[in-house]
Amino acid sequence: MHGNIGFGNAVSGKLKYRDVGCGQIGEKDVGKEISLCGWVFRNRDHGGLIFIDLRDRTGVAQLVFNPDVDAATHDQAHHLKVESVIAVRGEIRKRPVGTENPAIPTGMVEVYVKSLSILNRADPLPFSIEDNSEVSESLRLRYRYLDLRRPEMLSNLVTRHRVCKTTRDYLDGAGFLEIETPILTKSTPEGARDYLVPSRTNPGGFFALPQSPQLFKQILMVAGMDRYFQITKCFRDEDLRADRQPEFTQIDLEMSFVGADDVIKLVEGLLNRMFKEISGLDVETPFPRLTYRESMERFGNDKPDMRFGLELKDMAEEARMSTFKVFLDALDAGGRVKAILGKNMAAYSRRETDLLTQEVQAMGAKGLAWIKVKDGFESTITKFFPEEALRKMAEKLDAQPGDMMLFIADREAVVHDVLSRLRLELGKKSGLIGNEDKFLWVTDFPLLEWNEEEERFQAMHHPFTSPVDENLEYVLNGDFSDRAAVSSLRARAYDIVLNGSEIGGGSLRIHNPQVQRRVFQLIGISEKEARERFGFLLDALRYGAPPHGGLALGLDRIVMIMTGSDSIRDVIAFPKTQKAACLLTNAPSAVDTKQLRELYLKLTLPEEQGEPEE
RNA sequence: GGGGUGGUAGUUCAGCCGGUUAGAACGCUGGCCUGUCACGCCAGAGGUCGCGGGUUCGAUCCCCGUCCACCCCGCCA
């Protein structure tokens, strides 16, 4: 339980509600007369003696109502409803020998209640306040104030608070200023869909809620703030997942006159301290680093879970030794043949391998090739391979008898995508995932990625990310029609990955207006467009912009991992559903036409589904 | 936008291969109980089977549509 609350000073008018928290009484207090407040957690009415567990944020205390102490109070207690809020006054006594409860911190003592006042009588609850209750999520969200009474939810919010507190302490100590940036801001072109806010005072004009404070923090660097941070909400109007909310919180920071290593070192220090102070874990720094390229080659994605092996192995050489058309065709078409180890999967039945094949097909692969390793090699495709190739492949994968080798041959993107997902699944299934937290930096991201639909390049990180020094000359003077050259540009960007989850990312920014213009050009933003959308940034870069860079950490995801939560909703006090609705307040909801008129808005809803009228 | 899982008492679930009175546990209400801690015992109340339509003599069950929650793909620089 968190912190020592100054309950002794909690005075409202002349009435002193309570002396301490329920969880704070102990043997040291035996003999004292005190006041407690809280919620009726459990009610054990023996007719004569009545035991009530009184709960507040600090814990639980057992109250005893004895008719011999005060008959009227005892009678009152007889009618107490669960989750009612009460205040009691009574004497702390040691529990009789043999009736102590070692399961709770206050279990050695109990409060003999002399007087009781019911501050708020509770109706029967829609669900009970228990940690292990499996109530439907919609009910929990609708009655969030009840859900949050569960100790587990409280504990999650306490952890969240402590992450914020540690962050503020650490960054303050490192010379950072906490500065707020606007929530009503300008719509950005690249990236996620914006949440829009119409402007009454500027008819037809819209604010957007920030997807991140990116531009403002860069402007703060130009303003000479040197080191900025903020724990702030970001908004993205995209579809939700178990670890994604439409509004989420970032620990956002930016520093002047730094290189990537400075930012990385600072963040390693922050995370190290967080995990030490909150989880009691000593996270080793510096964290390992992988380049994007290496991460893709070895794990198939840019946020590998480093808690287990099962690395992807390139099998092009062995495939070339074979006469297996599927592999050869993939290679000839410029694709890849790679494999992963299926630990202890040689016993798979035909049915099971078929199921696995269906799975990878659902992920986008054309098929799955497999070779079981027993005394020899067993598969319908071994006949296409010389013995030497089979042995080499087994060696690369460190396959032992009893294992199975799993191959995907396709375009590189498909091979990596499918195998990385397969790797995760196999890791989980085989119980190979260790329980030690594994941090990782992924560096040297491509500057741009090709967008098939729009047939143009777009920024992989964001358009303000600096290219690496070696690419600066090309960015400033090169010929952008050379797609291969443009594709190979790399960014001074870095992501921080924890247990296979991207918990943050950042970069060194462009602080030269000419470079910024050329990058806009690369991603197909015209001079005119750049002016309209980012004129203020381009201007700022002309009036003394220091080299700067920073990073943003996903607070919700960090707290999720620290608390072992499966859902981001369990670490947010008032989260939204998968449809981005708030079941507590019923937002979003319709507004009346007067409000719309004031904002110069007219609705054009799809055909009415309410009244089936002709 | 697509795929999947679920929706039956206040809650968590069972059930009904279409049939007359839809069950359990917990909770709730009343009673009994002076050492419990998920107290115990006895009795009782409690249902639009998510919603709309269809098939049928008859639908909680079958069919179609729809809404809600969750998981995933697309999407999320």
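Every heavy atom of this structure was used, including side-chain atoms; hydrogens, water molecules and symmetry mates were not. Letters go in sequence order (proteins before strands), and every chain restarts at 1. Computed from a prediction, not measured in an experiment: that's the story for all the values here.
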Under-3.5 Å donor-acceptor pair between A:Arg244 side chain and B:rC76 base: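 Answer yes: a donor N or O sits under 3.5 Å from an acceptor.
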Without decimals, in angstroms, what is the distance between [X] [atom1] and [N] [atom2]?
X	N	atom1	atom2	result
A:Leu424	B:rC73	CG	C1'	15 Å
A:Asp570	B:rC70	CG	C1'	12 Å
A:Arg144	B:rA69	CZ	C1'	14 Å
A:Phe41	B:rG27	CZ	P	13 Å
A:Leu240	B:rC73	CG	C1'	15 Å
A:Leu80	B:rC28	CG	C1'	16 Å
A:Arg193	B:rC76	CZ	C1'	9 Å
A:Gln211	B:rC76	CD	C1'	9 Å

Heavy-atom protein contacts under 4.0 Å, nucleotides 3-14 of chain B, coded B base, S sugar-phosphate only, - none: -------SSS--
Protein proximity profile, nucleotides 29-38 of chain B - base contact B, sugar-phosphate-only contact S, no contact -, cut-off 4.0 Å on heavy atoms: S---BBBBBS
Sugar-phosphate only, base, or nothing, as touched by A:Arg142 at under 4.0 Å among non-hydrogen atoms: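 Counting heavy atoms under 4.0 Å across all strands, no contact is made by A:Arg142.
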Touch class at under 4.0 angstrom, heavy-atom based, for A:Thr465 against every strand present: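 Answer is nothing: A:Thr465 stays at 4.0 Å or more from every strand.
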Atom of A:Asn156, atom of A:Ser565 and distance for their closest heavy-atom approach: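 Closest heavy-atom pair between A:Asn156 and A:Ser565: ND2-OG, 3.6 Å.
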Over all atoms of both residues, closest heavy-atom pair of A:Ile568 and A:Asp243: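 Heavy atoms of A:Ile568 and A:Asp243 come nearest at CD1-O, 3.5 Å.
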Please give the nucleotide sitting opposite [N] as a Watson-Crick or G-U wobble pair, both distances under 3.5 Å, or none.
N	answer
B:rC76	none
B:rU55	none
B:rC28	B:rG44
B:rA69	B:rU5
B:rC16	none

Passing option when A:Glu254 is tested against A:Gln214, A:Gln230, A:Gln218, A:Arg509 for side-chain hydrogen bond (donor to acceptor under 3.5 Å, both in side chains):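 Of the listed options, the one satisfying the test is A:Arg509.
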Using the [atom1] atom as the reference point in each nucleotide, state the distance between [N] and [M] in Å, no decimals.
N	M	atom1	result
B:rU60	B:rU21	C1'	15 Å
B:rG46	B:rG30	C1'	15 Å
B:rG15	B:rU8	C1'	9 Å
B:rC64	B:rC73	C1'	26 Å
B:rG50	B:rG7	P	8 Å
B:rU11	B:rC16	C1'	22 Å
B:rU12	B:rG27	P	15 Å
B:rC49	B:rG4	P	27 Å

Earlier contact from the 5' end, RNA chain B, for A:Asp239 and A:Leu583: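 Counting from the 5' end, the first nearest nucleotide belongs to A:Leu583.
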Listed nucleotide nearest any side-chain atom of A:Ala242, set B:rC75, B:rC68, B:rC71: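 That would be B:rC71.
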Proximal nucleotide (of B:rC73, B:rC76, B:rC68) relative to the A:Glu238 side chain: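 Looking only at side-chain atoms, A:Glu238 lies closest to B:rC76.
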Pairing residues for A:Arg531 by the salt bridge (charged side-chain N to carboxylate O under 4.0 Å, His left out) criterion, not counting sequence neighbours: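 Applying salt bridge (charged side-chain N to carboxylate O under 4.0 Å, His left out) to A:Arg531 gives A:Asp539.
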Output field: ring centroids A:Phe480/A:Phe457 closer than 6.0 Å: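 Centroid separation for A:Phe480 and A:Phe457: 6.0 Å or greater.
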Inter-residue atom distance A:Met363.CE - A:Glu425.CD, 0.5 Å rounding: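 Rounded to the nearest 0.5 Å, the CE-CD separation comes to 5.0 Å.
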Spacing of CD belonging to A:Gln76 relative to CD1 belonging to A:Ile118, to within rounding of 0.5 Å: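 CD1 of A:Ile118 is found 5.5 Å from CD of A:Gln76.
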Any side-chain donor near an acceptor of the partner, A:Thr232 and A:Asp252, under 3.5 Å: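 No pair is found: no donor N or O on one side chain lies under 3.5 Å from an acceptor on the other.
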Between A:Asn499 and A:Ser501: side-chain donor-acceptor atoms closer than 3.5 Å: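 Not at all, the side chains of A:Asn499 and A:Ser501 share no donor-acceptor pair under 3.5 Å.
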Main-chain N/O of A:Pro151 paired with A:Ser155 side-chain donor or acceptor, under 3.5 Å: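 Looks like no, no N/O pair under 3.5 Å.
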Atom CH2 of A:Trp441: over 12 foreign heavy atoms under 6.0 Å: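 More than 12 within 6.0 Å, yes.
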Heavy-atom side-chain contact between A:Ser487 and A:Trp450 under 4.5 Å: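 A side-chain contact is absent here, since even the closest heavy-atom pair is not under 4.5 Å.
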Phosphate OP1/OP2 of B:rC70: any A:Arg241 side-chain N/O under 4.0 Å: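 Checking B:rC70 against A:Arg241, no side-chain N or O comes under 4.0 Å of OP1 or OP2.
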